[in-house]
Amino acid sequence: MTDTRRDQAPVIIIGSGLAGYSLARELRKRDSDLPLMMITSDDGTSYSKPMLSTGFTKGKSADELAQADAGTMADQLNMEIRTHTRVTGIDPQAHQILIGEERLTYHKLVLAWGADVIRLPDAISASERVCSINDLEDYRYFRRMVEGRRRVILLGAGLIGCEYANDLRNGGFDVTVVAPSTQVMPGLLPEPAADAVRRSLEAEGVTFHLGVAAESVSEDNGGAQVHLSDGAMLQGDVVVSAVGLRPRTRLATAAGLDVGHGIRTDRQLATSAVDIYALGDCAEVEGHVLMYVMPLMAAARALAATLTGEPTPAKWGAMPVLVKTPCCPVAVCPPAECGGGHWDVQRDGNNVRALYRDAAGELLGFAVTGDYVIEKQALSKEVPPVLASA
Ligand SMILES: Cc1cc2nc3c(=O)[nH]c(=O)nc-3n(C[C@H](O)[C@H](O)[C@H](O)COP(=O)(O)OP(=O)(O)OC[C@H]3O[C@@H](n4cnc5c(N)ncnc54)[C@H](O)[C@@H]3O)c2cc1C
């Protein structure tokens, strides 16, 4: 393989999620002819993943959440999209990716292949009544599963578990949440803010079993029993496992790329292998794995500039996370490190303003709920950026 042939090869993006499509759009703004190819293991539908936890509240089916199919996207972005095609390996030396026996040469390769759901042990996850929802196809399957059913048991009380709990309640389901943590959104929210969210969800009719783990799931008459570590048994129709996500790193490790919690990149989103970049949920940018839309958009803009000849580092300001629990709105900017500072909390019912300050009084993070969410923008301006200008 000569370098000339390599130069004629396309930029290949693996993944058709928000990271893959945002990058393709940003690239097209800069260069309408750059040879571009997308490879994706799903059907390539363009959709906004955050909307999956708002389907019932907004009255939208899985089909209504789809924005455009792969064919429409391929025309719009003037690129080839190969759908239902799973990349099985990378050969960085040859500048090629593998799809089973097939090899494709890239000029530059972008890994935008997202994160996997953390799978609970087989005693739970092998049951047909247990599902996870991490993409539109999963959601379509889940909506078919809950049709005509009433009782949903959610495993996991993180951001996604809480959002689904609120949305399913709005859809008229009986919702029970089970999690080993003693508060909702541990690691993301300070306790008073978490307490406000739990109480608000309870007021909507959600039942919580916190501080206990699900140990196994059994089935009978089309229903599911969830057996808990404290000996209790919950009876439901459908179980949703929402216990967290982990960046997809397996193929990158096998190809010899530097991998930490995610695929390690520098600020220009370059991995340790020449001409291979990563962004979105799979990437660890200078030590930061941020599985949210705002960092992915900023990364897509910077990477598009770099790939079109203008090397540009990603800059991430303070990026507040908005939790879509309409019964108790939340905005949170978790402090980079919880140590050396203290939480200053004001609380009025389920309206909480929690500010994390260092010894010098500098604001390092915050969590606001209810009426205080209005302060989100002003507070974000005070918080230091995640990745400051180099
Ligand atoms: C329910 C829910 C609600 C959320 N709400 C918010 C929110 O309110 N705000 C926010 O900022 N973030 C939110 N997030 C997170 C946000 O949606 C993600 O950070 C973002 O969608 C990740 O996009 P991605 O393109 O990196 O990954 P993905 O969307 O997971 O895309 C990965 C793509 O790679 C493909 N792929 C994987 N492996 C291979 C392979 N080997 N070969 C070929 N293709 C492959 C997949 O098929 C897929 O197309 C939410 C997430 C969920 C699940």
Side-chain angles (χ1 to χ4, degrees), residues 12-25 37-57 65 70 73 81-90 97-100 102 104 109-118 132-139 142 154 156 158-168 188 240-252 254-255 262-263 269 278-285 289-300 303 316 319-326 329-333:
I12 296 185
I13 301 173
I14 308 175
S16 59
L18 285 170
Y21 275 133
S22 301
L23 175 65
R25 278 196 197 90
M37 182 192 265
M38 181 177 277
I39 303 196
T40 180
S41 53
D42 61 26
D43 68 3
T45 299
S46 165
Y47 73 104
S48 171
K49 192 186 280 199
M51 295 298 118
L52 296 183
S53 48
T54 65
F56 289 103
T57 307
L65 291 174
M73 294 306 290
I81 305 183
R82 284 180 62 172
T83 59
H84 299 297
T85 303
R86 184 167 291 280
V87 172
T88 53
I90 308 169
I97 55 166
L98 283 78
I99 300 164
E102 184 186 359
L104 286 180
L109 177 65
V110 181
L111 311 178
W113 58 34
D116 271 325
V117 293
I118 294 175
S132 309
I133 314 167
N134 187 33
D135 58 38
L136 190 59
E137 286 178 30
D138 292 343
Y139 190 63
F142 165 72
L154 276 160
L159 178 147
I160 289 172
C162 288
E163 290 190 353
Y164 280 131
N166 202 155
D167 193 50
L168 285 161
L188 184 64
V240 178
S241 171
V243 296
L245 294 166
R246 187 181 289 138
R248 291 189 176 110
T249 54
R250 194 178 52 83
L251 294 180
I263 300 165
L269 294 317
L279 84 165
D281 280 7
C282 66
E284 178 181 320
V285 184
V289 178
L290 296 179
M291 296 199 237
Y292 299 107
V293 176
M294 269 168 90
L296 156 174
M297 296 287 189
L303 184 52
W316 290 346
M319 284 178 290
V321 176
L322 302 181
V323 185
K324 301 188 293 301
T325 41
V330 181
V332 53
C333 238

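For ligands, and for the atoms within them, numbers begin at 1 and follow the listed sequence.
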Strictly under 4.0 Å, does any heavy atom of Tyr21 approach an atom of ligand 1? no

Heavy-atom check, side chain of Val330 versus side chain of Leu159, under 4.5 Å: no

Could you tell me if the side chain of Pro326 sits less than 4.5 Å from the side chain of Asn166, heavy atoms only? yes

Taking distance alone, with no angle check, do Tyr47 and ligand 1 share an N/O pair under 3.5 Å? no

for atom 31 (O) of ligand 1, nearest protein heavy atom and its distance come out as Gly17 CA, 3.6 Å

Could you say whether the N/O atoms of Ser16 and ligand 1 ever approach to under 3.5 Å? yes

Which atoms from ligand 1 have a heavy atom of Ser53 less than 4.0 Å away? 1 (C), 3 (C)

Out of Val87, Leu322, Asp42, Val293, who is nearest to atom 40 (C) of ligand 1 when you count heavy atoms only? Val87

Are Thr85 and ligand 1 in contact, using a heavy-atom cut-off of under 4.0 Å? yes

Closest protein heavy atom to atom 27 (O) of ligand 1, given as residue, atom name and distance to 0.1 Å: Gly114 CA, 3.5 Å

Hydrogens and angles aside, do Asp42 and Thr83 bring a side-chain donor and acceptor to less than 3.5 Å of each other? no

Among all protein heavy atoms, pick the one closest to atom 13 (C) of ligand 1 and tell me residue, atom and distance. Pro50 CG, 3.7 Å

Among all protein non-hydrogen atoms, which one is nearest to atom 52 (C) of ligand 1, and what is the separation to 0.1 Å? Ile160 CD1, 3.5 Å

heavy-atom search around atom 26 (O) of ligand 1 in the protein gives Asp281 N, 2.9 Å

Polar contacts were defined as any N/O atom of the residue lying under 3.5 Å from an N/O atom of the ligand; does this apply to Ala115 and ligand 1? no

Near Ile14, which atoms of ligand 1 are under 4.0 Å from a heavy atom of that residue? 42 (N), 43 (C), 44 (N)

re atom 25 (O) of ligand 1, the protein heavy-atom contact at minimum distance is Ala19 N, 2.9 Å

Glu163 heavy atoms, cut-off 4.0 Å: which ligand 1 atoms fall inside? 3 (C), 5 (N)

Could you tell me whether some N/O pair between Ser41 and ligand 1 is separated by less than 3.5 angstrom? yes

Check: Arg248 N/O within less than 3.5 Å of ligand 1 N/O: no

Identify the protein heavy atom lying closest to atom 1 (C) of ligand 1, giving its residue, its atom name and the separation to 0.1 Å. Tyr164 OH, 3.3 Å

Checking a contact table here: which protein heavy atom is nearest atom 37 (C) of ligand 1, and how many Å away? Trp113 O, 3.3 Å

Within a reach of under 6.0 Å around CZ of Arg246, are more than 12 heavy atoms found that belong to other residues, nucleotides or ligands? no

Which ligand 1 atoms, with their elements, are less than 4.0 angstrom from a heavy-atom of Lys324? 3 (C), 4 (C), 5 (N), 6 (C), 7 (C), 8 (O)

Flag for Thr57-Asp167: side-chain donor and acceptor within less than 3.5 Å: yes

Closest non-hydrogen contact found for Ser53 with Glu163 is OG-OE1, 2.7 Å

Here the gap from Arg82 atom CZ to Met37 atom CE, rounded to the nearest 0.5 Å, amounts to 6.0 Å

Does an N or O from Ile133, backbone or side chain, lie closer than 3.5 Å to an N or O of ligand 1? no

